[in-house]
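Here the structure comes first, spelled out in C-alpha coordinates, and everything after it is commentary.
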Amino acid sequence: MLLKTVHPTTVLLLALVAQVLVLENGLLRKPPMGWLAWERFRCNIDCNEDPKSCISEELFMEMADRLAQDGWRELGYVYLNIDDCWIGGRDAKGNLVPDRKRFPHGIAFLADYAHSLGLKLGIYEDLGNFTCMGYPGTTLDKVVQDAQTFAEWKVDMLKLDGCYSSPQERAEGYPKMAAALNATGRPIAFSCSWPAYEGGLPPKVNYTLLADICNLWRNFDDIQDSWRSVLSILDWFVAHQDVLQPVAGPGHWNDPDVLLIGNFGLSFEQARAQMALWTVLAAPLLMSTDLRTISAQNVDILQNPLMIKINQDPLGIQGRRILKEKSYIEVYLRPLVNEASAIVFFSRRTDMPYHYHSSLARLNFSSSVVYEAQDVYTGEIISGLQDKTNFTVIINPSGVVMWYLYPISKLGIPQQ
(Lines give C-alpha, C1' and ligand atoms only; values in the text may rest on other atoms or scores of the structure.)
Protein backbone atom coordinates (compact mmCIF):
# COMPACT_ATOMS: atom_id res chain seq x y z
CA MET A 1 0.00 0.00 0.00
CA LEU A 2 1.31 3.42 -0.98
CA LEU A 3 0.87 6.12 1.65
CA LYS A 4 0.38 9.67 0.45
CA THR A 5 0.08 12.94 2.26
CA VAL A 6 -3.48 14.15 1.70
CA HIS A 7 -4.25 17.85 1.70
CA PRO A 8 -6.80 18.82 4.43
CA THR A 9 -9.05 20.42 1.77
CA THR A 10 -9.24 17.09 -0.05
CA VAL A 11 -10.31 15.37 3.16
CA LEU A 12 -13.02 18.00 3.69
CA LEU A 13 -14.29 17.60 0.13
CA LEU A 14 -14.36 13.82 0.41
CA ALA A 15 -16.28 14.12 3.67
CA LEU A 16 -18.75 16.48 2.02
CA VAL A 17 -19.24 14.10 -0.90
CA ALA A 18 -19.74 11.13 1.43
CA GLN A 19 -22.31 13.17 3.33
CA VAL A 20 -23.98 14.25 0.09
CA LEU A 21 -24.41 10.72 -1.24
CA VAL A 22 -26.93 9.89 1.47
CA LEU A 23 -29.10 12.95 0.93
CA GLU A 24 -31.94 11.29 -1.03
CA ASN A 25 -34.98 12.78 0.71
CA GLY A 26 -37.65 10.77 -1.09
CA LEU A 27 -39.43 13.92 -2.29
CA LEU A 28 -40.73 15.01 -5.70
CA ARG A 29 -40.89 11.57 -7.29
CA LYS A 30 -42.92 13.39 -9.96
CA PRO A 31 -42.32 16.95 -11.22
CA PRO A 32 -43.75 19.49 -8.77
CA MET A 33 -46.92 21.37 -9.72
CA GLY A 34 -48.20 24.60 -8.29
CA TRP A 35 -47.89 28.37 -8.42
CA LEU A 36 -44.91 30.70 -8.04
CA ALA A 37 -45.04 34.46 -7.63
CA TRP A 38 -41.98 35.74 -9.49
CA GLU A 39 -42.70 35.97 -13.21
CA ARG A 40 -46.09 37.65 -12.83
CA PHE A 41 -45.64 39.69 -9.65
CA ARG A 42 -41.85 40.20 -9.53
CA CYS A 43 -40.68 42.43 -6.65
CA ASN A 44 -43.73 44.65 -6.43
CA ILE A 45 -43.63 45.87 -2.82
CA ASP A 46 -45.78 49.00 -3.18
CA CYS A 47 -48.88 47.88 -1.33
CA ASN A 48 -50.22 51.43 -1.10
CA GLU A 49 -50.45 51.93 -4.85
CA ASP A 50 -50.99 48.30 -5.82
CA PRO A 51 -52.52 46.45 -2.84
CA LYS A 52 -53.88 43.53 -4.88
CA SER A 53 -50.63 42.75 -6.68
CA CYS A 54 -47.86 43.48 -4.20
CA ILE A 55 -45.78 40.72 -2.60
CA SER A 56 -47.77 40.26 0.57
CA GLU A 57 -49.55 37.84 2.82
CA GLU A 58 -52.84 38.81 1.18
CA LEU A 59 -51.58 37.90 -2.31
CA PHE A 60 -50.48 34.43 -1.24
CA MET A 61 -53.65 33.77 0.72
CA GLU A 62 -55.79 34.74 -2.26
CA MET A 63 -53.75 32.51 -4.59
CA ALA A 64 -54.08 29.69 -2.06
CA ASP A 65 -57.85 30.16 -2.10
CA ARG A 66 -57.89 29.94 -5.88
CA LEU A 67 -55.73 26.81 -5.93
CA ALA A 68 -58.09 25.17 -3.43
CA GLN A 69 -61.42 26.34 -4.86
CA ASP A 70 -60.95 26.39 -8.64
CA GLY A 71 -59.97 22.79 -9.30
CA TRP A 72 -56.18 23.22 -9.28
CA ARG A 73 -55.40 21.29 -6.10
CA GLU A 74 -57.23 18.14 -7.18
CA LEU A 75 -55.17 18.03 -10.39
CA GLY A 76 -51.90 18.22 -8.43
CA TYR A 77 -51.17 21.97 -8.36
CA VAL A 78 -50.37 22.03 -4.64
CA TYR A 79 -47.25 24.18 -4.21
CA LEU A 80 -47.78 27.84 -3.26
CA ASN A 81 -44.30 29.33 -3.69
CA ILE A 82 -43.05 32.63 -2.35
CA ASP A 83 -40.14 34.11 -4.33
CA ASP A 84 -37.86 37.11 -3.62
CA CYS A 85 -38.77 40.27 -1.69
CA TRP A 86 -40.50 38.73 1.34
CA ILE A 87 -37.63 39.27 3.80
CA GLY A 88 -37.73 42.07 6.35
CA GLY A 89 -34.28 41.38 7.82
CA ARG A 90 -32.83 39.37 10.71
CA ASP A 91 -33.72 39.63 14.37
CA ALA A 92 -31.31 40.03 17.30
CA LYS A 93 -30.52 36.29 17.19
CA GLY A 94 -29.81 36.38 13.47
CA ASN A 95 -33.03 34.64 12.48
CA LEU A 96 -34.76 35.62 9.23
CA VAL A 97 -37.98 37.57 9.67
CA PRO A 98 -40.49 38.60 6.98
CA ASP A 99 -41.42 42.18 6.19
CA ARG A 100 -43.75 43.04 9.06
CA LYS A 101 -46.03 45.33 7.08
CA ARG A 102 -46.57 43.00 4.14
CA PHE A 103 -46.54 39.73 6.12
CA PRO A 104 -47.98 40.83 9.47
CA HIS A 105 -48.80 37.31 10.68
CA GLY A 106 -45.49 35.74 9.64
CA ILE A 107 -44.52 32.85 7.37
CA ALA A 108 -45.58 30.10 9.79
CA PHE A 109 -49.11 31.52 9.60
CA LEU A 110 -49.03 31.32 5.79
CA ALA A 111 -47.74 27.74 5.95
CA ASP A 112 -50.57 26.79 8.30
CA TYR A 113 -53.06 28.47 5.99
CA ALA A 114 -51.72 26.61 2.96
CA HIS A 115 -51.73 23.30 4.83
CA SER A 116 -55.31 23.86 6.01
CA LEU A 117 -56.30 23.97 2.33
CA GLY A 118 -54.37 20.84 1.39
CA LEU A 119 -51.52 22.84 -0.17
CA LYS A 120 -47.77 23.12 0.45
CA LEU A 121 -45.75 26.30 0.98
CA GLY A 122 -42.49 27.09 -0.80
CA ILE A 123 -40.07 29.86 0.15
CA TYR A 124 -37.06 31.61 -1.40
CA GLU A 125 -33.57 32.53 -0.28
CA ASP A 126 -30.21 33.14 -1.91
CA LEU A 127 -26.82 31.62 -1.21
CA GLY A 128 -24.98 34.92 -1.03
CA ASN A 129 -24.71 38.16 0.86
CA PHE A 130 -27.95 39.34 -0.73
CA THR A 131 -30.87 37.95 -2.69
CA CYS A 132 -31.06 38.97 -6.33
CA MET A 133 -33.23 41.95 -5.36
CA GLY A 134 -30.97 43.03 -2.51
CA TYR A 135 -32.60 41.45 0.57
CA PRO A 136 -30.53 39.61 3.23
CA GLY A 137 -29.10 36.38 1.85
CA THR A 138 -28.07 33.09 3.41
CA THR A 139 -24.30 33.27 3.82
CA LEU A 140 -22.43 30.05 4.58
CA ASP A 141 -22.48 30.73 8.32
CA LYS A 142 -26.30 31.08 8.20
CA VAL A 143 -27.13 27.93 6.23
CA VAL A 144 -27.94 25.68 9.19
CA GLN A 145 -29.77 28.43 11.08
CA ASP A 146 -31.95 29.33 8.09
CA ALA A 147 -32.74 25.68 7.36
CA GLN A 148 -33.94 25.31 10.94
CA THR A 149 -36.03 28.47 10.62
CA PHE A 150 -37.75 27.17 7.49
CA ALA A 151 -38.45 23.86 9.19
CA GLU A 152 -39.89 25.60 12.27
CA TRP A 153 -42.17 27.57 9.95
CA LYS A 154 -43.28 24.23 8.37
CA VAL A 155 -42.14 25.21 4.90
CA ASP A 156 -42.34 22.43 2.26
CA MET A 157 -39.92 23.66 -0.44
CA LEU A 158 -36.91 25.95 -0.58
CA LYS A 159 -35.70 27.65 -3.75
CA LEU A 160 -32.10 28.73 -3.17
CA ASP A 161 -30.84 31.30 -5.68
CA GLY A 162 -27.21 32.14 -6.42
CA CYS A 163 -26.87 35.92 -6.77
CA TYR A 164 -23.94 37.59 -5.01
CA SER A 165 -22.08 34.32 -4.44
CA SER A 166 -18.79 32.91 -5.74
CA PRO A 167 -18.34 29.51 -7.40
CA GLN A 168 -16.52 28.34 -4.28
CA GLU A 169 -19.34 29.47 -2.01
CA ARG A 170 -21.89 27.71 -4.20
CA ALA A 171 -19.83 24.50 -4.27
CA GLU A 172 -19.80 24.46 -0.49
CA GLY A 173 -23.17 26.03 0.21
CA TYR A 174 -25.60 23.99 -1.89
CA PRO A 175 -24.51 20.60 -0.48
CA LYS A 176 -24.39 22.16 2.98
CA MET A 177 -27.98 23.41 2.66
CA ALA A 178 -29.16 20.01 1.38
CA ALA A 179 -27.64 18.36 4.44
CA ALA A 180 -29.04 21.05 6.75
CA LEU A 181 -32.57 20.67 5.38
CA ASN A 182 -32.44 16.90 5.83
CA ALA A 183 -31.07 17.31 9.35
CA THR A 184 -34.17 19.27 10.38
CA GLY A 185 -36.27 16.12 10.04
CA ARG A 186 -38.91 17.99 8.06
CA PRO A 187 -39.45 16.97 4.41
CA ILE A 188 -38.41 20.09 2.48
CA ALA A 189 -37.98 19.81 -1.28
CA PHE A 190 -34.85 21.59 -2.49
CA SER A 191 -34.83 23.70 -5.67
CA CYS A 192 -31.31 24.79 -6.63
CA SER A 193 -30.26 27.57 -8.98
CA TRP A 194 -26.65 26.39 -8.81
CA PRO A 195 -26.16 25.13 -12.40
CA ALA A 196 -27.65 28.28 -13.92
CA TYR A 197 -24.80 30.27 -12.35
CA GLU A 198 -22.14 27.90 -13.74
CA GLY A 199 -23.32 27.94 -17.36
CA GLY A 200 -25.55 24.88 -16.99
CA LEU A 201 -23.11 22.36 -18.47
CA PRO A 202 -20.22 20.05 -17.55
CA PRO A 203 -17.46 20.25 -16.58
CA LYS A 204 -18.48 23.22 -14.43
CA VAL A 205 -21.76 21.47 -13.53
CA ASN A 206 -21.59 17.98 -12.03
CA TYR A 207 -25.11 16.67 -12.65
CA THR A 208 -24.42 13.39 -10.86
CA LEU A 209 -23.65 15.33 -7.69
CA LEU A 210 -26.54 17.71 -8.30
CA ALA A 211 -29.05 14.86 -8.58
CA ASP A 212 -27.91 13.66 -5.15
CA ILE A 213 -28.48 16.98 -3.39
CA CYS A 214 -31.28 18.80 -5.23
CA ASN A 215 -34.83 17.81 -6.19
CA LEU A 216 -34.94 20.25 -9.09
CA TRP A 217 -32.59 22.81 -10.51
CA ARG A 218 -32.60 25.79 -12.82
CA ASN A 219 -30.14 25.25 -15.66
CA PHE A 220 -30.56 28.37 -17.79
CA ASP A 221 -31.85 31.94 -17.99
CA ASP A 222 -34.97 33.28 -16.27
CA ILE A 223 -38.02 33.10 -18.47
CA GLN A 224 -39.60 36.39 -19.56
CA ASP A 225 -43.18 36.93 -20.72
CA SER A 226 -42.51 36.42 -24.43
CA TRP A 227 -42.47 33.70 -27.08
CA ARG A 228 -38.88 34.62 -27.88
CA SER A 229 -37.92 33.73 -24.30
CA VAL A 230 -39.74 30.39 -24.48
CA LEU A 231 -37.91 29.53 -27.71
CA SER A 232 -34.51 30.53 -26.31
CA ILE A 233 -34.99 28.14 -23.38
CA LEU A 234 -36.29 25.36 -25.62
CA ASP A 235 -33.36 25.83 -28.02
CA TRP A 236 -30.85 25.55 -25.17
CA PHE A 237 -32.52 22.42 -23.77
CA VAL A 238 -32.56 20.78 -27.21
CA ALA A 239 -28.97 21.76 -28.02
CA HIS A 240 -27.81 20.07 -24.82
CA GLN A 241 -30.39 17.28 -24.54
CA ASP A 242 -27.71 14.57 -24.60
CA VAL A 243 -26.39 15.99 -21.32
CA LEU A 244 -29.67 17.03 -19.73
CA GLN A 245 -32.05 14.21 -20.64
CA PRO A 246 -30.26 11.38 -18.77
CA VAL A 247 -29.92 13.29 -15.48
CA ALA A 248 -33.65 13.93 -14.99
CA GLY A 249 -35.84 11.42 -13.19
CA PRO A 250 -37.91 10.78 -10.07
CA GLY A 251 -36.69 13.09 -7.32
CA HIS A 252 -34.36 15.20 -9.51
CA TRP A 253 -35.66 17.34 -12.37
CA ASN A 254 -34.35 19.87 -14.87
CA ASP A 255 -36.34 23.09 -14.50
CA PRO A 256 -36.74 25.27 -17.62
CA ASP A 257 -38.60 27.83 -15.44
CA VAL A 258 -42.26 28.68 -14.99
CA LEU A 259 -45.28 28.49 -17.27
CA LEU A 260 -46.25 31.85 -18.79
CA ILE A 261 -49.79 30.74 -19.65
CA GLY A 262 -52.36 33.30 -18.51
CA ASN A 263 -50.08 36.32 -18.79
CA PHE A 264 -49.55 38.80 -21.62
CA GLY A 265 -46.79 37.56 -23.91
CA LEU A 266 -48.09 34.35 -25.53
CA SER A 267 -50.79 33.76 -28.10
CA PHE A 268 -53.28 30.92 -27.65
CA GLU A 269 -51.21 28.62 -29.88
CA GLN A 270 -47.99 29.55 -28.12
CA ALA A 271 -49.56 28.92 -24.70
CA ARG A 272 -50.65 25.44 -25.79
CA ALA A 273 -47.17 24.86 -27.21
CA GLN A 274 -45.38 25.80 -23.99
CA MET A 275 -47.63 23.49 -21.97
CA ALA A 276 -47.00 20.57 -24.34
CA LEU A 277 -43.26 21.13 -24.66
CA TRP A 278 -42.71 21.57 -20.90
CA THR A 279 -44.73 18.37 -20.36
CA VAL A 280 -42.68 16.35 -22.82
CA LEU A 281 -39.53 17.68 -21.09
CA ALA A 282 -40.82 16.32 -17.74
CA ALA A 283 -40.58 19.88 -16.42
CA PRO A 284 -42.14 21.19 -13.21
CA LEU A 285 -45.54 22.74 -13.89
CA LEU A 286 -45.27 25.92 -11.86
CA MET A 287 -47.70 28.59 -12.99
CA SER A 288 -46.90 32.26 -12.50
CA THR A 289 -50.07 34.12 -13.36
CA ASP A 290 -52.96 35.83 -11.60
CA LEU A 291 -55.32 32.97 -10.79
CA ARG A 292 -58.00 35.49 -9.78
CA THR A 293 -58.40 36.80 -13.33
CA ILE A 294 -57.11 33.99 -15.59
CA SER A 295 -59.34 33.28 -18.62
CA ALA A 296 -61.31 30.08 -19.06
CA GLN A 297 -59.30 29.37 -22.22
CA ASN A 298 -56.02 29.40 -20.30
CA VAL A 299 -57.51 27.39 -17.45
CA ASP A 300 -58.41 24.71 -20.00
CA ILE A 301 -54.79 24.50 -21.15
CA LEU A 302 -53.39 24.28 -17.63
CA GLN A 303 -56.05 21.91 -16.31
CA ASN A 304 -55.95 19.42 -19.20
CA PRO A 305 -56.17 16.06 -17.37
CA LEU A 306 -54.38 13.99 -20.01
CA MET A 307 -51.58 16.55 -20.25
CA ILE A 308 -51.10 16.38 -16.48
CA LYS A 309 -51.17 12.57 -16.54
CA ILE A 310 -48.35 12.63 -19.08
CA ASN A 311 -46.34 15.21 -17.14
CA GLN A 312 -46.71 13.17 -13.96
CA ASP A 313 -45.85 9.83 -15.59
CA PRO A 314 -44.23 7.60 -12.93
CA LEU A 315 -41.25 6.62 -15.10
CA GLY A 316 -40.11 10.23 -14.99
CA ILE A 317 -38.21 10.04 -18.28
CA GLN A 318 -37.47 13.40 -19.90
CA GLY A 319 -38.38 13.59 -23.59
CA ARG A 320 -36.17 14.57 -26.50
CA ARG A 321 -36.43 16.16 -29.91
CA ILE A 322 -36.16 13.28 -32.38
CA LEU A 323 -36.75 15.06 -35.70
CA LYS A 324 -36.07 18.50 -37.11
CA GLU A 325 -37.56 18.94 -40.58
CA LYS A 326 -36.60 21.41 -43.30
CA SER A 327 -40.26 22.48 -43.19
CA TYR A 328 -39.65 23.98 -39.69
CA ILE A 329 -41.59 21.16 -38.05
CA GLU A 330 -40.03 19.42 -35.07
CA VAL A 331 -41.05 16.17 -33.38
CA TYR A 332 -40.51 15.47 -29.68
CA LEU A 333 -40.95 12.09 -27.98
CA ARG A 334 -41.30 11.14 -24.32
CA PRO A 335 -41.48 7.44 -23.30
CA LEU A 336 -44.24 6.70 -20.77
CA VAL A 337 -45.33 3.81 -18.58
CA ASN A 338 -46.98 0.75 -20.19
CA GLU A 339 -45.09 1.24 -23.46
CA ALA A 340 -47.02 4.44 -24.19
CA SER A 341 -45.45 7.61 -25.56
CA ALA A 342 -46.15 11.31 -25.74
CA ILE A 343 -45.42 12.83 -29.15
CA VAL A 344 -45.38 16.58 -29.80
CA PHE A 345 -45.47 17.85 -33.37
CA PHE A 346 -44.28 21.46 -33.08
CA SER A 347 -44.32 24.12 -35.80
CA ARG A 348 -41.84 26.98 -35.86
CA ARG A 349 -43.56 28.36 -38.95
CA THR A 350 -45.12 31.80 -38.84
CA ASP A 351 -47.12 31.72 -42.09
CA MET A 352 -50.09 29.32 -42.05
CA PRO A 353 -51.26 25.91 -40.78
CA TYR A 354 -48.97 23.18 -42.08
CA HIS A 355 -50.01 19.69 -43.20
CA TYR A 356 -47.29 17.43 -41.83
CA HIS A 357 -47.15 13.92 -43.35
CA SER A 358 -45.33 11.14 -41.54
CA SER A 359 -45.53 7.56 -40.24
CA LEU A 360 -44.66 5.78 -37.01
CA ALA A 361 -41.83 4.00 -38.83
CA ARG A 362 -40.24 7.38 -39.46
CA LEU A 363 -40.44 7.96 -35.69
CA ASN A 364 -38.75 4.57 -35.05
CA PHE A 365 -41.76 2.71 -33.68
CA SER A 366 -41.96 -1.08 -33.83
CA SER A 367 -43.38 -2.81 -36.90
CA SER A 368 -44.99 -5.54 -34.77
CA VAL A 369 -47.32 -3.30 -32.75
CA VAL A 370 -50.65 -1.66 -33.53
CA TYR A 371 -51.15 1.67 -31.79
CA GLU A 372 -53.93 4.06 -30.97
CA ALA A 373 -53.40 7.77 -30.40
CA GLN A 374 -55.44 10.33 -28.51
CA ASP A 375 -55.02 14.00 -29.37
CA VAL A 376 -54.23 15.57 -26.00
CA TYR A 377 -56.01 18.84 -26.80
CA THR A 378 -59.00 17.77 -28.90
CA GLY A 379 -59.57 14.30 -27.46
CA GLU A 380 -59.82 12.82 -30.97
CA ILE A 381 -58.88 9.13 -31.20
CA ILE A 382 -56.76 7.93 -34.13
CA SER A 383 -57.07 4.13 -34.39
CA GLY A 384 -55.15 1.38 -36.14
CA LEU A 385 -51.77 3.06 -36.39
CA GLN A 386 -49.03 0.72 -37.58
CA ASP A 387 -45.46 1.52 -38.45
CA LYS A 388 -46.15 2.05 -42.15
CA THR A 389 -49.50 3.80 -41.70
CA ASN A 390 -49.23 7.26 -43.21
CA PHE A 391 -50.84 10.03 -41.19
CA THR A 392 -51.23 13.77 -41.49
CA VAL A 393 -51.37 16.31 -38.67
CA ILE A 394 -52.27 19.96 -39.27
CA ILE A 395 -50.14 22.21 -37.05
CA ASN A 396 -50.88 25.90 -36.62
CA PRO A 397 -48.03 28.45 -36.70
CA SER A 398 -46.10 28.46 -33.39
CA GLY A 399 -48.45 25.66 -32.37
CA VAL A 400 -48.47 21.98 -31.54
CA VAL A 401 -50.36 18.79 -32.10
CA MET A 402 -49.79 16.42 -29.19
CA TRP A 403 -50.55 12.70 -29.15
CA TYR A 404 -50.80 10.22 -26.32
CA LEU A 405 -49.81 7.04 -28.18
CA TYR A 406 -50.36 3.58 -26.70
CA PRO A 407 -50.18 -0.01 -28.00
CA ILE A 408 -53.48 -1.89 -28.49
CA SER A 409 -52.13 -5.17 -29.92
CA LYS A 410 -48.86 -6.92 -30.54
CA LEU A 411 -48.45 -9.43 -33.38
CA GLY A 412 -52.24 -9.77 -33.47
CA ILE A 413 -52.52 -10.39 -29.71
CA PRO A 414 -54.61 -7.70 -27.93
CA GLN A 415 -52.84 -5.87 -25.09
CA GLN A 416 -54.07 -6.86 -21.64
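Distance alone, capped at 3.5 Å, is enough to place a donor-acceptor pair between the Thr131 side chain and the Tyr135 backbone. A donor-acceptor pair is defined here as one N or O able to donate and one able to accept, closer than 3.5 Å; no such pair exists between the side chain of Glu172 and the backbone of Glu169. Glu152 places no side-chain N or O within donor-acceptor distance of the main-chain N or O of Thr149, the cut-off being under 3.5 Å. The main-chain N or O of Ser229 is found under 3.5 Å from a side-chain atom of Ser226 such that the two form a donor-acceptor pair. Using modelled atom types, no side-chain atom of Glu125 and backbone atom of Lys159 make a donor-acceptor pair closer than 3.5 Å. With Arg29 contributing its side chain and Gly26 its backbone, the two residues share no donor-acceptor pair below 3.5 Å. Checked by atom type and distance alone, the side chain of Gln303 never pairs as donor or acceptor with a backbone atom of Ile308 at under 3.5 Å. Put simply, the side chain of Asp375 gets close to the backbone of Tyr377: a donor and an acceptor are under 3.5 Å apart. Between the side chain of Asn219 and the backbone N or O of Pro195, no donor-acceptor pair lies under 3.5 Å. In terms of modelled atom types and a separation under 3.5 Å, the side chain of Asp83 and the main chain of Ala37 share no donor-acceptor contact.
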### Task
Could you please spell out the steps behind the side-chain contact (heavy atoms from CB on, under 4.5 Å) verdict for Ser409 and Val370?
CA-CA 5 Å; Ser409 64; Val370 180; 3.3 Å; yes

### Message
Working note: Met402 + Arg272, criterion side-chain contact (heavy atoms from CB on, under 4.5 Å); need CA distance, chi angles, decisive distance, verdict.
### Response
CA-CA 10 Å; Met402 185 173 185; Arg272 298 208 323 174; over 6 Å; no

### Message
Applying side-chain contact (heavy atoms from CB on, under 4.5 Å) to Phe264 and Arg40, what does each step give before you reach the verdict?
### Response
CA-CA 10 Å; Phe264 310 102; Arg40 176 61 181 81; 3.9 Å; yes

### Task
Evaluate the criterion side-chain contact (heavy atoms from CB on, under 4.5 Å) for residue pair Val344 and Val401; output intermediate values, then yes/no.
CA-CA 6 Å; Val344 173; Val401 170; over 6 Å; no

### Message
Lys324 vs Glu330, test: salt bridge (Lys or Arg N to Asp or Glu O under 4.0 Å). Steps then yes/no.
### Response
CA-CA 5 Å; Lys324 181 183 181 183; Glu330 299 176 6; 5.3 Å; no

### Task
Any chance you could lay out the salt bridge (Lys or Arg N to Asp or Glu O under 4.0 Å) test for Arg349 and Asp351, step after step, and finish with the verdict?
CA-CA 6 Å; Arg349 300 178 71 92; Asp351 53 356; 2.8 Å; yes

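Under 3.5 Å, the side chains of Arg170 and Ser165 contain a donor-acceptor pair of N or O atoms. Using a 3.5 Å distance cut-off with no hydrogens or angles, the side chains of Glu339 and Tyr406 do not pair a donor with an acceptor. No side-chain donor-acceptor contact under 3.5 Å links Asp84 and Trp38. In this model, a donor atom of one side chain and an acceptor atom of the other lie less than 3.5 Å apart for Asn44 and Asp50. Checked by atom type, the side-chain pair Thr184/Gln148 shows no donor-acceptor distance below 3.5 Å. Side chain to side chain, Tyr124 and Asp161 meet the donor-acceptor criterion of an N or O pair below 3.5 Å.
Note that CG of Leu244 is 9.5 Å distant from CH2 of Trp217, once rounded to the nearest 0.5 Å. The CD atom of Glu62 lies 12.5 Å from the CG atom of Leu67; values are rounded to the nearest 0.5 Å. Distance check: Ile381 CD1 to Glu372 CD gives 5.5 Å after rounding to the nearest 0.5 Å. For the atom pair Arg334 CZ and Ile343 CD1, the distance stands at 13.5 Å (nearest 0.5 Å). The CD1 atom of Ile123 sits 13.5 Å away from the OG atom of Ser191 when rounded to the nearest 0.5 Å. Here the CG-CG distance, from Asp255 to Leu286, works out to 6.5 Å after rounding to the nearest 0.5 Å.
The salt bridge (charged side-chain N to carboxylate O under 4.0 Å, His left out) test applied to Asp91 returns no partner, not counting sequence neighbours. With sequence neighbours left out, the ring pair (Phe, Tyr, Trp, His ring centres under 6.0 Å) criterion links Tyr174 to Trp194. Here Asn304 pairs with nothing under the side chain to side chain donor-acceptor pair (under 3.5 Å) rule; sequence neighbours left out. Applying the salt bridge (charged side-chain N to carboxylate O under 4.0 Å, His left out) criterion to Asp300, with sequence neighbours excluded, gives no partner residue.
Using a cutoff of 4.0 Å between basic side-chain nitrogens and carboxylate oxygens, Asp146 and Arg90 are scored as salt-bridged. Salt-bridge annotation for Arg102 and Glu58: absent, with no side-chain N of the basic residue lying under 4.0 Å from a carboxylate O of the acidic one. Between Asp141 and Lys176 no salt bridge is recorded (no basic side-chain N to carboxylate O distance below 4.0 Å). Taking the charged nitrogens against the carboxylate oxygens, Glu325 and Arg362 do have a contact shorter than 4.0 Å, which makes a salt bridge. Between Arg292 and Asp290, at least one side-chain nitrogen of the basic residue sits less than 4.0 Å from a carboxylate oxygen of the acidic one, meeting the salt-bridge criterion. At a threshold of 4.0 Å, the pair Arg320-Asp242 counts as salt-bridged, since one of the basic side-chain nitrogens sits closer than that to a carboxylate oxygen.
Looking at every heavy atom in both residues, Arg348 comes nearest to Asp235 through NH2-OD1, 2.7 Å. Leu323 and Tyr356 get closest at one heavy-atom pair: CD1-OH, 3.8 Å. Heavy atoms only, all atoms of each residue included: Leu28 and Trp253 are closest at O-NE1, 2.9 Å. Across every non-hydrogen atom of Ile294 and Ile261, the tightest pair is CD1-O, 4.5 Å. Nearest heavy-atom pair across Trp236 and Gly199 is CZ2-O, 3.8 Å. Heavy-atom minimum distance, Met133 versus Cys43: CE-CB, 3.9 Å.
A 4.5 Å side-chain heavy-atom check between Trp278 and Asn311 finds every atom pair outside the cut-off. Taking the side chain as every heavy atom from C-beta outward, Tyr371 and Ser341 never approach each other to under 4.5 Å. Inter-residue side-chain proximity for Asn215 and His252 is flagged as unmet; no heavy-atom pair is nearer than 4.5 Å. Counting heavy atoms from C-beta on, the side chains of Cys47 and Lys101 never come closer than 4.5 Å. Side-chain contact between Asp46 and Cys54 is absent, with no heavy-atom pair separated by less than 4.5 Å. A heavy-atom distance below 4.5 Å is found between the side chains of Ile223 and Glu39.
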Show me the donor-acceptor pairs, under 3.5 Å and distance only, between side chains in residues 71-80 and residues at least two apart or in other chains.
residue	atom	partner	partner atom	Å
Arg73	NH1	Leu117	O	2.6
Tyr77	OH	Leu302	O	2.6

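Between Trp403 and Phe391, the ring centre distance stays below 6.0 Å.
By the 6.0 Å contact criterion, CZ on Phe130 is open, its count of non-hydrogen atoms from other residues, nucleotides or ligands being 12 or less.
Residue pairs meeting the side-chain hydrogen bond (donor to acceptor under 3.5 Å, both in side chains) criterion with at least one member in residues 111-121, sequence neighbours excluded, are Asp65-Tyr113, His115-Asp156.
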